[in-house]
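Below is one structure, written out as structure tokens; comments come after it.
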Amino acid sequence: QVQFVESGGGLVQPGGSLRLSCLASGSVFSIHHMGWYRQTPGEEHELVASINVSGTTKYVDSVKGRFTISRDNAKNTVYLQMNSLKPEDTAVYYCNRPLRLVDWGQGTQVTVSS
């Protein structure tokens, strides 16, 4: 059973940066297509960035040019570098496998506010 633990969130001013980390356990991490999602109250999880096993990345339009997803297979970790943050980026951020979702972790709260 694969599990994910997210970290790195916090309170940041508009225009600031954060780097999120997601540590995977319980499976061979390198074979998985991975994604970062975010959720706001009352809404579904939104896939904002993904990276496949070859390192090809995709982003939702609202974060293109500001967010960068990367992975370190040796550390079983996927990252999300978030720059030029906006108040509308405020959400709980999660990682998961877009092609085969598993139980959600606890997520990490990102709050963008002055």
Side-chain angles (χ1 to χ4, degrees):
Q1 175 73 18
V2 62
Q3 293 181 318
F4 302 114
V5 178
E6 301 90 351
S7 62
L11 172 64
V12 63
Q13 292 186 341
S17 297
L18 284 173
R19 188 194 194 203
L20 307 184
S21 299
C22 167
L23 176 64
S25 62
S27 180
V28 179
F29 175 76
S30 63
I31 67 172
H32 295 307
H33 182 165
M34 291 296 301
W36 278 99
Y37 297 75
R38 63 188 180 190
Q39 186 183 34
T40 54
E43 300 294 327
E44 297 292 323
H45 291 87
E46 175 191 24
L47 178 63
V48 297
S50 65
I51 184 166
N52 68 11
V53 296
S54 300
T56 301
T57 59
K58 290 185 178 180
Y59 301 91
V60 67
D61 284 347
S62 60
V63 308
K64 282 182 180 177
R66 300 188 298 121
F67 290 10
T68 303
I69 187 171
S70 61
R71 65 192 300 161
D72 185 336
N73 291 334
K75 295 182 178 180
N76 286 354
T77 300
V78 62
Y79 303 98
L80 187 67
Q81 177 67 43
M82 305 188 297
N83 299 327
S84 302
L85 282 161
K86 303 176 181 180
E88 51 263 44
D89 295 319
T90 296
V92 180
Y93 284 73
Y94 303 85
C95 63
N96 213 313
R97 305 182 311 187
L99 300 182
R100 190 176 180 182
L101 293 174
V102 297
D103 289 345
W104 297 98
Q106 86 286 351
T108 186
Q109 175 71 48
V110 171
T111 303
V112 184
S113 175
S114 55

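When a residue number appears, it is its place in the shown sequence, counting from 1.
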Minimal non-hydrogen separation, [X] against [Y], with atom names:
X: Met34; Y: Val78; value: CE-CG1, 4.1 Å
X: Val48; Y: Val63; value: O-CG2, 3.6 Å
X: Gly8; Y: Thr108; value: N-OG1, 3.8 Å
X: Val92; Y: Gln109; value: CG2-OE1, 3.2 Å
X: Val110; Y: Leu18; value: CG1-CD1, 3.9 Å
X: Leu80; Y: Ala49; value: CD1-CB, 4.0 Å

**OP:** May I have all residue pairs that pass disulfide (SG to SG under 2.5 Å) and include part of residues 55-114, sequence neighbours excluded?
**Re:** Cys22-Cys95
Atom pair [atom1]/[atom2] of [X] and [Y] - distance to nearest 0.5 Å:
X: Thr57; Y: Arg71; atom1: OG1; atom2: CZ; result: 11.5 Å
X: Thr77; Y: Leu20; atom1: OG1; atom2: CG; result: 12.5 Å
X: Phe67; Y: Ser84; atom1: CZ; atom2: OG; result: 9.5 Å
X: His32; Y: Asn73; atom1: NE2; atom2: CG; result: 10.5 Å
X: Trp36; Y: Asn96; atom1: CH2; atom2: CG; result: 11.0 Å
X: Arg38; Y: Glu46; atom1: CZ; atom2: CD; result: 5.0 Å

Original post:
How about Glu44: does its CD atom have over 12 heavy atoms from other parts shown lying under 6.0 Å from it?
Top reply: no
Subject >> Results of side chain to side chain donor-acceptor pair (under 3.5 Å) for Arg66 - residues two or more places apart only >> reply: Asp89
Original post:
So, Ser114 side chain and Gln13 main chain: donor-acceptor pair closer than 3.5 Å or not?
Top reply: no
Original post:
Any donor-acceptor pair under 3.5 Å linking the side chain of Gln106 with the backbone of Glu6?
Top reply: yes
**OP:** Treat each ILVMFWY residue as a node, draw an edge where side-chain heavy atoms are under 4.5 Å apart, and state whether Phe4 and Leu101 are in one component.
**Re:** no
Original post:
Would Ile69 end up clustered with Val2 when hydrophobic side chains under 4.5 Å apart are linked, directly or stepwise?
Top reply: yes
Subject >> side chain to side chain contact (heavy atoms under 4.5 Å, CB included) between Tyr59 and Thr68, worked out >> reply: CA-CA 8 Å; Tyr59 301 91; Thr68 303; 3.9 Å; yes
**OP:** Starting from the C-alpha separation in whole Å, work towards a yes-or-no answer on side chain to side chain contact (heavy atoms under 4.5 Å, CB included) for His33 and Arg97.
**Re:** CA-CA 6 Å; His33 182 165; Arg97 305 182 311 187; over 6 Å; no
Subject >> Residue pairs passing the ring-ring contact (aromatic ring centres under 6.0 Å, His included) test where at least one lies in residues 80-114, sequence neighbours excluded >> reply: Tyr37-Trp104, His45-Tyr94, His45-Trp104, Tyr94-Trp104
**OP:** I would like to know whether Ser25 and Asn76 meet side chain to side chain contact (heavy atoms under 4.5 Å, CB included); could you show each step before the answer?
**Re:** CA-CA 7 Å; Ser25 62; Asn76 286 354; over 6 Å; no
Original post:
Is the closest side-chain heavy-atom distance between Ser17 and Val12 below 4.5 Å?
Top reply: no
